Amino acid sequence: MTTVTLGALAAHFGRDVERGVSKAVGIIDAARRDGVDLLVFPDASIGGYIGDLRRPDPDELPPTLEPDGPELAAIAAAAGPMTVCIGYTEAAEGKRYNTAVCLSGDGVLGTHRKVHQPAGESLAYAAGESFCAFDTPVGKLGMLIDYDKTFPESARTLALDGARIIAALNAWPASVTDRAARLPADRQSRLFDLYDCARAAENQVFVVSSNLTGVTGSLRFLGQAKVVGPGGDILANTRSKGGLAKADVDVYAEITRARRVLNHLAELKTDTYQPGR
């Protein structure tokens with residue numbers, strides 16, 4: 001049996017790139033001392049997220065970074081033997097992407113550009129076009145960025161591509177149309193947890209789900225970082241406060257156990273999933 005420690009972070013990150021990188025490096029150093037093997041930061045940890053989902057201000061967009069720039073190099077150097085997933089606004093091909101990158105001391109292990117865009121996010125970012133799993137020191141992994149996890153096909157594609165761990169990097173706010181007085185009572189709070197647990201259970205994989213906290217513009221972020229097991233059970237969580245949710249797991253053994261009798265991926269009937277049939 002090989003046990004690894006999975007960590008999901010809930011924390012506030014703003015527009016100051018230098019400060020964000022310094023904060024991330026400090027968190028990585030502390031997590032490494034605590035024995036964390038996989039650390040998943042929120043979406044937009046470096047440079048922050050947009051402040052309005054419906055009408056993003058073009059003069060207040062997050063700063064863009066180059067994939068081969070010094071900021072990600074500093075994160076990779078701090079990671080060393082750890083596997084770290086972190087989000088930023090990527091400048092590529094003359095466009096802006098909401099991007100997650102997975103790094104270790106060896107460099108970039110995988111990249112994901114957010115595919116599904118809620119409300120007016122398309123005014124701030126271009127959309128990605130694919131979901132791919134990749135090898136890491138903690139096993140085969142795939143990444144989603146917040147709204148991606150609303151769509152079952154996203155996580156299912158990663159699971160079918162061999163991902164045993166799905167890192168869900170989030171900048172997930174409370175409802176912008178019907179906000180509750182208390183975050184735990186907000187309908188987006190319920191959906192955030194529901195999607196994490198459903199994506200894990202239906203694919204029988206681990207989901208490591210991070211999120212921003214605090215306020216950016218008109219958005220109030222939920223926190224609720226968590227590690228979810230392949231049965232859909234929450235193994236660790238931060239609730240609405242900042243912090244690190246950690247769980248020690250044997251990824252291979254737990255997924256093998258979950259799939260021993262009912263193997264959802266093996267029992268798919270893909271030919272029948274056609275509208276009108």
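The chain is numbered in sequence order, starting from 1. Computed from a predicted structure; not experimentally measured. Just so it is clear, the values below take in all heavy atoms, side chains as well, and ignore hydrogens, waters and symmetry mates.
Taking CG of Leu158 as the start and CD1 of Ile166 as the end, the distance is 5.0 Å to the nearest 0.5 Å. Separation of atoms CZ (Arg259) and CD (Gln204) is listed at 6.0 Å; rounding is to 0.5 Å. Atom SG of residue Cys85 and atom CD1 of residue Ile75 lie 12.0 Å apart, to the nearest 0.5 angstrom. The structure places OG1 of Thr256 at 5.5 Å from CZ of Arg164, a figure rounded to the nearest 0.5 Å. Atom OG1 in Thr216 sits 11.5 Å away from atom CG in Asp52 (nearest 0.5 Å). With values rounded to the nearest 0.5 angstrom, Thr64 atom OG1 is found 10.5 Å from Tyr125 atom OH.
Val227 and Ile234 sit in two unconnected hydrophobic clusters of ILVMFWY residues. Membership requires side-chain heavy atoms under 4.5 Å apart, directly or through other members. In the hydrophobic clustering of ILVMFWY residues, with side-chain heavy atoms under 4.5 Å counting as a link, Ile165 and Met82 come out apart. By the criterion of side-chain heavy atoms lying less than 4.5 angstrom apart, applied directly or through intervening Ile, Leu, Val, Met, Phe, Trp or Tyr residues, Val249 is grouped together with Val138 in one hydrophobic cluster. Under the 4.5 Å side-chain heavy-atom criterion for ILVMFWY residues, a single connected hydrophobic cluster contains both Leu212 and Ile86. Under the 4.5 Å side-chain heavy-atom criterion for grouping Ile, Leu, Val, Met, Phe, Trp and Tyr, Leu38 is not connected to Val25 through any hydrophobic cluster.
Put simply, the side chain of Lys23 gets close to the backbone of His12: a donor and an acceptor are under 3.5 Å apart. No side-chain donor-acceptor contact under 3.5 Å links His112 to the backbone of Leu144. Between the side chain of Arg55 and the backbone N or O of Gly120 there is no donor-acceptor pair closer than 3.5 Å. Thr213 contributes no side-chain N or O that, together with a main-chain N or O of Ser240, makes up a donor-acceptor pair within less than 3.5 Å. Here the side chain of Asp186 pairs a donor or acceptor atom with the backbone of Gln188 at under 3.5 angstrom. Using modelled atom types, one side-chain atom of Asp37 and one backbone atom of Thr5 make a donor-acceptor pair closer than 3.5 Å. Remark: side-chain polar atoms of Arg33 are not paired, donor with acceptor, to backbone N or O of Ile28 under 3.5 angstrom. Side chain of Asn170 to backbone of Ala168: a donor-acceptor contact under 3.5 angstrom is found. Counting only distance, with no hydrogens or angles, the side chain of Thr136 and the backbone of Leu141 share no donor-acceptor pair below 3.5 Å. For the pair Asp161 (side chain) and Thr157 (backbone), a donor-acceptor distance under 3.5 Å is absent.
Taking every heavy atom of both residues into account, Ala225 and Ala8 meet most closely at CB-O, 3.6 Å. When all heavy atoms are compared, the tightest approach of Cys102 to Thr83 is SG-CG2, 3.4 Å. Taking all atoms of both residues into account, the shortest heavy-atom contact from Ala258 to Pro230 is CB-CB, 3.9 Å. The shortest non-hydrogen separation linking Ala155 to Arg199 is CB-CD, 3.8 Å. For the residue pair Pro56 and Leu123, the shortest heavy atom distance occurs at CD-CD1, 4.0 Å. Between Leu39 and Ala31 the shortest heavy-atom distance is CD2-CB, 3.9 Å.
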- request: Show the numbers, then the answer: is there a side-chain contact (heavy atoms from CB on, under 4.5 Å) between Thr99 and Tyr88?
  value: CA-CA 6 Å; Thr99 297; Tyr88 73 107; 3.8 Å; yes
query: Does the side-chain contact (heavy atoms from CB on, under 4.5 Å) test come out yes or no for Arg187 and Thr177, once each step is laid out?
result: CA-CA 10 Å; Arg187 67 185 183 90; Thr177 57; 3.4 Å; yes
message: Let's go through Asp34 and Leu244 carefully: what are the C-alpha distance in whole Å and the side-chain angles of both, what is the deciding distance for side-chain contact (heavy atoms from CB on, under 4.5 Å) to 0.1 Å, and is it a yes or a no?
response: CA-CA 11 Å; Asp34 286 344; Leu244 183 65; 5.6 Å; no
field: Verdict with reasoning, Leu268 to Tyr273, per side-chain contact (heavy atoms from CB on, under 4.5 Å)
entry: CA-CA 9 Å; Leu268 288 171; Tyr273 308 144; 4.0 Å; yes
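Partner of Asn98 under the side-chain hydrogen bond (donor to acceptor under 3.5 Å, both in side chains) criterion, chosen from Asp146, Asp43, Thr89: Asp43. Of the listed residues (Val207, Asp193, Val205), just one forms a side chain to side chain contact (heavy atoms under 4.5 Å, CB included) with Val228, and that residue is Val207. Among the candidates Arg182, Arg239, Gln224, the single residue satisfying the side-chain hydrogen bond (donor to acceptor under 3.5 Å, both in side chains) test with Ser189 is Gln224.
Taking the six-membered ring where the residue is Trp, His116 and Phe131 present parallel rings, their angle staying beneath 30° rather than reaching 60°. The aromatic rings of Phe192 and Trp172 stand perpendicular to each other, their planes meeting at an angle above 60°, with 30° marking the opposite boundary.
Ion pairing of Glu129 with Lys95 is absent here, as no side-chain N (NZ or NE/NH1/NH2) approaches a carboxylate O to less than 4.0 Å. Salt-bridge check for Glu254 with Arg257: passed, with a basic side-chain N closer than 4.0 Å to an acidic carboxylate O.
Side-chain contact between Lys149 and Ser154: absent, with no pair of heavy atoms (C-beta onward) separated by less than 4.5 Å. At least one side-chain heavy atom of Phe13 sits under 4.5 Å from a side-chain heavy atom of Ser45. By the 4.5 Å heavy-atom criterion applied to side chains, Ile46 and Leu72 are counted as neighbours. Residues Phe206 and Ile255 are in side-chain contact: their nearest non-hydrogen atoms beyond the backbone lie under 4.5 Å apart.
The number of heavy-atom neighbours closer than 6.0 Å to CZ of Arg32, taken from other residues, nucleotides and ligands shown, is above 12.
At least one test fails for Lys114 against the ring of Tyr147: distance under 6.0 Å to the centre or angle within 45° of the axis.
For the residue pair Ser209/Asp196, the side-chain donor-acceptor check at 3.5 Å is satisfied.
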